[in-house]
Amino acid sequence: MWEFWLFGIKQASACIFGGFLLALMIITRFWYPIDFLYRYDFLFLAAVAFQIFLLITRLESPKEAIVILIFHIVATVMELFKTSEGIRSWQYPEPFVIGIGNVPLFAGFMYSAVGSYIARVWRIFDFRYSSYPPLWSTIVLVTLIYANFFTHHYVVDIRWLLILASLLMFGKVMIYFKMDTIHRHMPLIIGWLLVALFIWFAENLATFSNVWIYPTQKLQWHMVSPSKLTAWYLLMMLSFVLVSLVNRPTIIKEKSELTHDASSEQIN
């Protein structure tokens, strides 16, 4: 029960940036008294200010800030494509000044929140991995994933092939995570699925808050289709591998290595 409590506390700490953004989305949906500043622009400035606060208070490391910046750039490029006149996969219904094209710059922070979570949870839980594939192969896979987010509008959608490839590549990978002094473990794929599910929950709250909407939600809001889970799963993989380029995975060959680490910590 103590470890279960610590797990919840550490997860909440890892979600601090995403939780802050989601709370602001919901609050400003129903109460936004600032007349001279558009809501999206306020959300952008608030996100920047919160990032500075996290760095000053050392709740976020410079490495994690780099991850957030990378995600913001990668996500904004995809947002510009997805919201372009010829595609219109989704849209931002409210006005803004701080943005590019049809995309408020705040949008990139929503993806950055995913990257921030992965980078923080990686550090907080002291992640270790077994049977981890070669780094180059993971880069190839997520490059294809990112490309498919664009190309599936013009040629065949290969997301199911990419999901199959991810299962073959990461199916045997175990992730070891530490709540207190002992590393527990689970299949990495299961971890990704769980995180993708919670991102889908957050997406429903965000669309309900009118931060962005899909074409089918223009007349009346409804829950986002569960089929979006495949896209979030693939985005989860892309996010994970991008973080792995900054936080290189610690790979173990035997569980005894973890026992040795735990003993060393107790001695220290």
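Worth knowing before you read on, the calculation uses all heavy atoms, side chains too, and leaves out hydrogens, waters and symmetry mates. Note that this is a predicted model, so its numbers are computed, not measured.
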Colleague: Taking Gln91 for the side chain and Pro215 for the main chain, is one N or O donor matched with an acceptor at less than 3.5 Å?
Modeller: no

Colleague: Any donor-acceptor pair under 3.5 Å linking the side chain of Trp200 with the backbone of Val224?
Modeller: yes

Colleague: Honestly curious: do Leu164 and Tyr233 fall in one hydrophobic cluster under the side-chain, below-4.5 Å linking rule?
Modeller: no

Colleague: Could you pull out the closest heavy-atom pair between Asn102 and Ser84, with the gap in Å?
Modeller: ND2-CA, 4.1 Å

Colleague: Give the ring-plane orientation class for Trp232 versus Tyr111, where under 30° counts as parallel, over 60° as perpendicular and anything between as tilted.
Modeller: tilted

Colleague: Given 3.5 Å as the limit, does a donor-acceptor pair link the side chain of Arg120 with the main chain of Glu64, or not?
Modeller: no

Colleague: Side chains of Phe71 and Val243: does their closest heavy-atom pair fall under 4.5 Å?
Modeller: yes

Colleague: Assess the residue pair Phe109 and Val48 against the criterion (side-chain contact (heavy atoms from CB on, under 4.5 Å)); give the C-alpha distance rounded to whole Å, side-chain angles, the decisive distance to 0.1 Å, and a yes or no.
Modeller: CA-CA 9 Å; Phe109 278 116; Val48 172; 3.8 Å; yes

Colleague: Using a 4.5 Å cut-off on heavy atoms from C-beta on, say whether the side chain of Ser130 contacts that of His185.
Modeller: no

Colleague: Would a hydrophobic clustering, with Ile, Leu, Val, Met, Phe, Trp and Tyr connected at side-chain separations under 4.5 Å, put Ile52 with Phe20?
Modeller: yes

Colleague: Following the transitive rule for hydrophobic clusters with a side-chain heavy-atom cut-off under 4.5 Å over Ile, Leu, Val, Met, Phe, Trp and Tyr, establish whether Ile27 and Phe208 coincide in one cluster.
Modeller: no

Colleague: Assess whether atom CG of Leu219 is packed by more than 12 heavy atoms of other residues, nucleotides or ligands within 6.0 Å.
Modeller: no

Colleague: State whether the side chain of Asp180 and the backbone N or O of Glu3 hold a donor-acceptor pair below 3.5 Å, judged by distance alone.
Modeller: no

Colleague: Set out, in order, the CA-CA distance, both residues' side-chain angles and the distance that settles side-chain contact (heavy atoms from CB on, under 4.5 Å) for Leu45 and Leu37, then state yes or no.
Modeller: CA-CA 10 Å; Leu45 295 174; Leu37 187 65; 4.1 Å; yes

Colleague: Give the intermediate values and the outcome of side-chain contact (heavy atoms from CB on, under 4.5 Å) for residues Ile189 and Trp192.
Modeller: CA-CA 5 Å; Ile189 293 290; Trp192 283 344; 3.8 Å; yes

Colleague: Hey, is the main chain of Ile34 close enough, under 3.5 Å, to the side chain of Arg39 for a donor-acceptor pair?
Modeller: no

Colleague: Donor-acceptor check, side chain of Asp126 to backbone of Lys178, threshold 3.5 angstrom: yes or no?
Modeller: no

Colleague: Just by distance, do the side chain of Ser116 and the backbone of Ser112 share a donor-acceptor pair under 3.5 Å?
Modeller: no

Colleague: To the nearest 0.5 Å, tell me how far Leu234 CG sits from Leu229 CG.
Modeller: 11.0 Å

Colleague: Indicate the atoms forming the closest heavy-atom contact of His153 with Ser89, along with that distance.
Modeller: CE1-OG, 3.4 Å

Colleague: With a sphere of 6.0 Å drawn around CZ of Phe30, does it hold more than 12 non-hydrogen atoms of other residues, nucleotides or ligands?
Modeller: yes

Colleague: Using 0.5 Å steps for rounding, measure from the NZ atom of Lys228 to the CG atom of Asn204.
Modeller: 11.5 Å

Colleague: Going by heavy atoms in the side chains, are Phe106 and Leu21 under 4.5 Å from each other?
Modeller: yes

Colleague: Answer yes or no: is there a side-chain heavy-atom contact under 4.5 Å between Leu162 and Leu141?
Modeller: yes

Colleague: Are more than 12 heavy atoms from other residues, nucleotides or ligands located less than 6.0 Å from atom OH of Tyr129?
Modeller: yes

Colleague: Looking at Thr138 and Leu135, would you say the former's side chain and the latter's main chain have a donor-acceptor pair under 3.5 Å?
Modeller: yes

Colleague: Answer yes or no: is there a donor N or O on one side and an acceptor on the other, between the side chain of Ser239 and the main chain of Leu235, under 3.5 Å?
Modeller: yes

Colleague: Rounded to the nearest 0.5 Å, how far apart are CZ of Phe81 and CZ of Phe150?
Modeller: 6.5 Å

Colleague: What is the minimum heavy-atom distance between Asn247 and Ala119, and which atoms define it?
Modeller: ND2-O, 4.0 Å

Colleague: First locate atom OG of Ser209, then atom CZ of Arg29, and finally report the distance between them rounded to the nearest 0.5 Å.
Modeller: 7.0 Å

Colleague: If every non-hydrogen atom of Val103 is compared with every non-hydrogen atom of Ala107, which pair is closest and at what distance?
Modeller: CG1-CB, 3.8 Å

Colleague: Answer whether the closest heavy-atom distance between the side chains of Phe177 and Met186 falls below 4.5 Å.
Modeller: yes

Colleague: Does any non-hydrogen side-chain atom of Leu105 lie less than 4.5 Å from one of Phe96?
Modeller: no

Colleague: Do Tyr32 and Phe44 belong together in a cluster built from hydrophobic side chains that touch within less than 4.5 Å?
Modeller: yes

Colleague: If you take all heavy atoms of Gly18 and Ala113, which pair is closest and at what distance?
Modeller: CA-CB, 3.7 Å

Colleague: Assigning hydrophobic clusters by single linkage (Ile, Leu, Val, Met, Phe, Trp, Tyr; side-chain heavy-atom cutoff under 4.5 Å), is Val140 placed with Leu168?
Modeller: no

Colleague: Take atom OH of Tyr38 as the centre, draw a 6.0 Å sphere, and report whether it contains more than 12 heavy atoms from other residues, nucleotides or ligands.
Modeller: no

Colleague: Ignoring hydrogens, what is the shortest heavy-atom contact between Leu188 and Phe170? Give both atom names and the distance.
Modeller: CD2-CD2, 3.9 Å

Colleague: According to the interplanar angle, ranging from 0 to 90°, do the rings of Phe127 and Phe125 count as parallel (below 30°), tilted (30 to 60°) or perpendicular (above 60°)?
Modeller: parallel

Colleague: Test your reading of the model: is there a side-chain donor-acceptor pair from Tyr40 to the backbone of Gly99, 3.5 Å cut-off?
Modeller: no

Colleague: Please evaluate residues Trp221 and Asn210 with respect to the criterion side-chain contact (heavy atoms from CB on, under 4.5 Å), reporting the C-alpha separation (whole Å), side-chain torsions for both, the decisive distance (0.1 Å), and the verdict.
Modeller: CA-CA 9 Å; Trp221 180 84; Asn210 206 47; over 6 Å; no

Colleague: Would you indicate whether the side-chain heavy atoms of Thr230 and Trp160 approach each other to under 4.5 Å?
Modeller: yes

Colleague: Hey, could you give me the CD1/CG distance between Ile66 and Leu242, rounded to the nearest 0.5 Å?
Modeller: 13.0 Å

Colleague: So, taking the atom named NE2 in His183 and the one named CE in Met174, what distance separates them when rounded to the nearest 0.5 Å?
Modeller: 13.0 Å

Colleague: Apply side-chain hydrogen bond (donor to acceptor under 3.5 Å, both in side chains) to the pair Ser225 and Tyr214, showing each step before the final yes or no.
Modeller: CA-CA 10 Å; Ser225 170; Tyr214 292 103; over 6 Å; no

Colleague: Do the side chains of Ile118 and Val67 get nearer than 4.5 Å, heavy atoms only?
Modeller: no

Colleague: Does a sphere of radius 6.0 Å around CZ in Phe198 hold more than 12 heavy atoms from other residues, nucleotides or ligands, not counting ones at 6.0 Å or beyond?
Modeller: no

